[in-house]
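Structure, as C-alpha cells:
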Amino acid sequence: MFNVSIGLSQRVIKCRAAVAWEPTAALMMEEIEVAPPQEGEIRIKVVATGVCHTDLYHLFEGKDKRGFPTVLGHEGAGVVESVGPGVTDFKPGDKVIPLFLSQCGECKFCKCPKTNLCDRNWSSKYHDIMSDPTTRFTCRDRPILQFMGTSTFSEYTVINQIAVAKIDDDAPLERVCLLGCGISTGYGAAVNTAGVTPGSVCAVFGLGAVGLAAVMGCKNAGASRIFAVDINEQKFEKAKVFGATDFLNPKAYNKPISEVLAEMTNGGVDFSLECVGNTEVMRTALESCVKGWGVSVLVGWTDVKDFSARPIQLISGKTWKGSLFGGFKSKDSVPNLVCDYMTGKIKLDEFITHKMSLEQVNDAINLMKTGQCIRCILNISK
C-alpha cells in the first residue's frame, strides 16, 4: 500500500529523472524539482514505464532542438500522490495510467464518435516539439519540458486530469503501463481503425510491440490468415504467439513484397497495417492490399518525411487511413483494456522481454534501437 497525503500536495518534490538535454545525446540522471499540481492537475508517483519507439523518434529522428531539454517516457503507470484544486474524480492512492492523448469530454472531437482526438491535447498546437511549453519540471534552474504531456522517465510527474485514466486497484502496474501507448495503439488500429473482419486476410508490417499488438488485434477480430512482415526473422516466433500464421522477410525476395503478397493471396490482403513509421513501408503496405475493398492503416509515428502513392491505388477502391492510439477514446477505453488484460482477453506479459532500473535507461534505449527487445520495463519507484 502506498503512503500518500493530501497535506503534502503543495510542496515541491525533488526526485530522480532521466533528462534528455539535447537531441541524440545520452540521457542524464538528474535531480529535478516537481511543482505541486495546479487547478485540474494530478501529481503522480510513477511506478513503472515502458520504453517506446516514439521516445527514440524524438531523441534521434525528430531532432527539433525546441523540444529539449525534456524528460522522455509516455508509457507509464503509477499512483496518485496528490491532486490540485477542482479535481474530484481522483484521490491520493488511486492507481492510474497517464495518457499522451487527452479526452476532455467537452470539445467537438471528444463529442464526436468518429474520432478519438481531443482539441485540448498538446498535439493540437505543439506536435512538432512533442510537448506543451507549460511544465511543472525544473532542473538546474531551467524549465524541463514534459514529453507528450506525460514524462514517465521520472519518479514523479504532474498531468492534467483530462489525460489520466483511473484503473482497477488490483492491476499490476509493471504490466498495464504498456496500455499507455504501444499495445493500445497496435491492437486498436486493427479492431477499431481497420475494422478487421472475421475470415479476412491481413498483413502487419513491422513486428515491434505495436506491430505484435496489431497481430493480436487481427487474431481477436477473427482474421483467418495473418502475414507478419519484418526484416528481422528472430521476431517471427514471437509473432506466432500473438496469432500470426505466415512470415515474410522482404529481403529474402528479389521482387517487391507487395507482389509476393499479391501472389500468395490471389490479389492482395484485405487489411494491411504499417507499424514501422517508415514512409516507404507505408506505400508498400497500401500496395499490398487487394483492389476494390482493401484497407491499409498507417500506425507508425513519423513526421519528418512526406509520403506518396500512385492515385490508381485509391481510385481502384483501396482505402488509406491513419490511426492514433488505436482509435480509442483514452479515458473511457484504457480502464476497459486493463480489465481485458486481467480477464485474459488480451496479452501483455508476452510483450515484455527486459526489465531494468531507471538508471539503466540508456541501455534500454540501445536495446530498442538495435532491435534486441520488444518492450523493456523500467522500474521507476517501489
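Computed from a predicted structure; not experimentally measured.
Summarising the geometry, atom CD1 belonging to Ile346 is positioned 7.0 Å from atom OG belonging to Ser184; distances are rounded to the nearest 0.5 Å. Residue Ile162 holds its CD1 atom at 10.0 Å from CG of Leu99, rounded to the nearest 0.5 Å. For the atom pair OG (Ser123) and CG (Leu101), the distance works out to 6.5 Å, reported to the nearest 0.5 Å.
Ionic pairing of Asp349 and Arg175 is present here: one or more N-O contacts between side-chain nitrogen and carboxylate oxygen are shorter than 4.0 angstrom. In summary, Glu75 and Arg375 engage in a salt bridge, as defined by a charged side-chain N under 4.0 Å from a carboxylate O. Salt-bridge check for Glu237 with Lys240: passed, with a basic side-chain N closer than 4.0 Å to an acidic carboxylate O.
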Item to complete: Kindly indicate, with the supporting measurements, whether the criterion side chain to side chain contact (heavy atoms under 4.5 Å, CB included) is fulfilled by Thr54 and Phe147.
Response: CA-CA 10 Å; Thr54 307; Phe147 180 64; 4.3 Å; yes
Fill in: Evaluation steps, salt bridge (charged side-chain N to carboxylate O under 4.0 Å, His left out), between Lys255 and Glu263
CA-CA 11 Å; Lys255 63 178 70 174; Glu263 292 171 0; 2.9 Å; yes
Discussion item. Run the salt bridge (charged side-chain N to carboxylate O under 4.0 Å, His left out) test on Arg43 and Glu81 for me, step by step, so that the C-alpha distance in whole Å, both residues' side-chain angles and the decisive distance to 0.1 Å come before the verdict.
Written reply: CA-CA 6 Å; Arg43 188 158 60 185; Glu81 178 268 343; 2.7 Å; yes
Item to complete: Would you check, one step at a time, whether the test salt bridge (charged side-chain N to carboxylate O under 4.0 Å, His left out) holds for Glu30 with Arg140?
Response: CA-CA 9 Å; Glu30 303 279 5; Arg140 304 184 193 176; 2.4 Å; yes
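Applying the ring pair (Phe, Tyr, Trp, His ring centres under 6.0 Å) test to residues at least two apart or on different chains, the pairs with a partner in residues 323-342 are Phe100-Phe325.
Both Leu358 and Ile13 are members of a single hydrophobic cluster when ILVMFWY side chains are connected at heavy-atom separations under 4.5 Å. Residues Val269 and Val295 are members of separate hydrophobic clusters, defined by side-chain heavy-atom contacts under 4.5 angstrom among Ile, Leu, Val, Met, Phe, Trp and Tyr. Placement of Met342 and Val79 within a single hydrophobic cluster is found when ILVMFWY residues are connected by side-chain heavy-atom separations under 4.5 Å, directly or transitively. Hydrophobic clustering of Ile, Leu, Val, Met, Phe, Trp and Tyr side chains at less than 4.5 Å, counting indirect connections, keeps Ile231 apart from Val299. In terms of hydrophobic clustering, with Ile, Leu, Val, Met, Phe, Trp and Tyr side chains grouped at heavy-atom distances under 4.5 Å, Val297 and Phe242 are assigned to a common cluster.
Checking each of Asp270, Asp246, Thr265 against Arg225 for a side-chain hydrogen bond (donor to acceptor under 3.5 Å, both in side chains) leaves exactly one that passes, namely Asp246. Here the rule is side-chain contact (heavy atoms from CB on, under 4.5 Å) with Phe137, and of Pro143, Cys15, Pro69, Ser154 only Ser154 fits it. Of the residues Val71, Ile144, Leu145, the one that meets the side-chain contact (heavy atoms from CB on, under 4.5 Å) test with Ser131 is Leu145.
Across Ile44 and Ile159, no two heavy atoms sit closer than the pair CD1-CD1, 4.0 Å. Between Gly149 and Trp122, the shortest heavy-atom contact is N-CD1, 4.0 Å. Looking at every heavy atom in both residues, Gly243 comes nearest to Ile226 through O-CD1, 3.5 Å. Considering all non-hydrogen atoms of both residues, Asp168 and Asp170 come closest at OD1-N, 2.7 Å.
No side-chain heavy atom of Ile129 sits less than 4.5 Å from a side-chain heavy atom of Phe68. Counting heavy atoms from C-beta on, the side chains of Leu298 and Ser323 never come closer than 4.5 Å. By the 4.5 Å heavy-atom criterion applied to side chains, Lys238 and Leu212 are counted as neighbours. The shortest distance between side-chain heavy atoms of Gln146 and Thr157 falls below 4.5 Å. The closest side-chain heavy-atom distance from His58 to Thr70 is below 4.5 Å. Side-chain contact between Arg136 and Tyr156: absent, with no pair of heavy atoms (C-beta onward) separated by less than 4.5 Å. With a 4.5 Å cut-off on side-chain heavy atoms, Leu179 and Val338 count as touching. Val19 is not listed as a side-chain neighbour of Leu27, based on a closest heavy-atom distance of 4.5 Å or more.
The main-chain N or O of His74 is found under 3.5 Å from a side-chain atom of Thr152 such that the two form a donor-acceptor pair. Formation of a donor-acceptor pair under 3.5 Å by the Ser381 side chain with backbone atoms of Val46 is found in this model. Although no hydrogens or angles enter the test, the distance criterion places no donor-acceptor pair under 3.5 Å between the side chain of Asp119 and the main chain of Cys107. Looking at Asp94, its side chain never comes within 3.5 Å of a backbone N or O of Val80 through a donor-acceptor pair. Counting only distance, with no hydrogens or angles, the side chain of Lys166 and the backbone of Asp89 share a donor-acceptor pair below 3.5 Å. Distance alone, capped at 3.5 Å, places no donor-acceptor pair between the Lys219 side chain and the Ala244 backbone. Panel note: side chain Tyr57, backbone Asp303; a donor-acceptor pair is recorded below 3.5 Å. When atom types are taken as modelled, the side chain of Thr353 and the backbone of Ile374 share a donor-acceptor pair closer than 3.5 angstrom. For Asp55 (side chain) and Cys52 (main-chain N/O), a donor-acceptor pair under 3.5 Å exists by modelled atom type. Within the 3.5 Å criterion, the main-chain N or O of Gln38 finds a donor-acceptor partner in the side chain of Glu41.
Shown here is Lys347, whose NZ atom has no more than 12 heavy atoms of other residues, nucleotides or ligands within 6.0 Å. Within 6.0 Å of the CG atom in Asn266, the count of heavy atoms belonging to other residues, nucleotides or ligands does not exceed 12. In this structure, Glu31 places its CD atom where more than 12 heavy-atom neighbours from other residues, nucleotides or ligands lie under 6.0 Å away.
For Thr138 and Glu33, the side-chain atoms include at least one donor-acceptor pair closer than 3.5 Å. If you check the side chains of Ser258 and Thr284, you find no donor sitting under 3.5 Å from an acceptor. Side-chain atoms of Lys329 and Gln103 include no donor-acceptor pair closer than 3.5 Å. In summary, the side chains of Ser102 and Asn121 do present a donor paired with an acceptor at a separation below 3.5 Å, with no hydrogens or angles considered.
Evaluation of the side-chain contact (heavy atoms from CB on, under 4.5 Å) rule for Ala25 yields Glu22 as partners, not counting sequence neighbours.
Relative ring orientation between Phe236 and Phe247 is described as tilted, the plane-to-plane angle lying within the 30° to 60° band.
Annotation: cation-pi geometry satisfied between Lys369 and Phe60 (NZ/CZ under 6.0 angstrom from ring centroid, within 45° of ring axis).
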